[in-house]
Amino acid sequence: MPTELRATAIAGVLELISQPFQDHRGAFLNAFREQEPAFAEAWGDRRIAQVNLSRTDRVGAIRGLHLQAAPHSEAKLVRCLRGRVWDVAVDLRQDSATYGQWQAVELSPEQANALLIPEGCAHGFQVLEANSELLYLHSGTWVPEAETGIRWDDPQLAIAWPLPMSELSDRDRALPFLSGL
Ligand SMILES: Cc1cn([C@H]2C[C@H](O)[C@@H](COP(=O)(O)OP(=O)(O)O[C@H]3O[C@H](C)C(=O)[C@H](O)[C@H]3O)O2)c(=O)[nH]c1=O
């Protein structure tokens, strides 16, 4: 079954929904296939420069909202391998009609979905099930000096996180508000 591509209200922020191949042994999923139309349309001719995994244990924990500043902007394709997360993209492209808007999608292995966060959009997520694990495909390499982001609780964004925030890194606590960018 082909992967379905679902657009959101933010240009370039796309949900990809796949159909795992199930049999008596378990399941098999095409997590990325450059020649499949949905992936070709979503990822285009970007390269896969880096693949990351992260595990976040506590329900309610938030990571983000992060992006790399130009010229190190990168796209991310994010998939939940274990547990369940509420995944958020925030449009920070100055010239975008949806600047300052956010979109969220629940990711889980059961839903077999992934979220594409394009260059210029910040990414973050909240853990809905303990010990949730994410897989990231990055179109660019990590450049620590280019790392930036905005506060998860920015009043201008008013992101409707589903749970009370239970854990946050010191770095994320110190991120600026949109008004401070
Ligand atoms: C992103 C990254 C980090 N690191 C090192 C830096 C730290 O020593 C450690 C944890 O990094 P950090 O606290 O930035 O991890 P997260 O808070 O999960 O950040 C990520 O989570 C948000 C939601 C994202 O979208 C990005 O993928 C990324 O910013 O891994 C690396 O070695 N390579 C990397 O590519």
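All ligand and atom numbering here is 1-based and tracks the order in the structure. All of these numbers come straight from a predicted model, not from anything done at the bench.
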Taking side chain as C-beta onward, heavy atoms only, is [X] less than 4.5 Å from [Y]?
{"X": "Arg6", "Y": "Glu4", "answer": "yes"}
{"X": "Val85", "Y": "Leu134", "answer": "yes"}
{"X": "Thr56", "Y": "Phe125", "answer": "yes"}
{"X": "Glu74", "Y": "His138", "answer": "yes"}

[atom] [closest protein heavy-atom partner, distance rounded to 0.1 Å]:
{"atom": "atom 20 (C) of ligand 1", "result": "His66 ND1, 3.6 Å"}
{"atom": "atom 13 (O) of ligand 1", "result": "Arg171 NH1, 4.2 Å"}
{"atom": "atom 26 (C) of ligand 1", "result": "Lys76 NZ, 3.7 Å"}
{"atom": "atom 35 (O) of ligand 1", "result": "Gln50 NE2, 2.7 Å"}

| Which option out of Trp142, Phe125, Trp152, Tyr136 puts a heavy atom nearest to atom 31 (C) of ligand 1? |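 Minimum heavy-atom distance to atom 31 (C) of ligand 1 goes to Trp142.
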| What part of Asn52 sits under 4.0 Å from ligand 1 if we count only heavy atoms: the side chain, the backbone, both or neither? |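 Side chain only.
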| task | Could you tell me whether atom 10 (C) of ligand 1 has a protein heavy atom closer than 4.0 Å? | result |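 False for atom 10 (C) of ligand 1.
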| task | Say whether Glu129 and Ser132, considering side chains only, have a donor N or O and an acceptor N or O under 3.5 Å apart. | result |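 Side chains of Glu129 and Ser132: no pair found under 3.5 Å.
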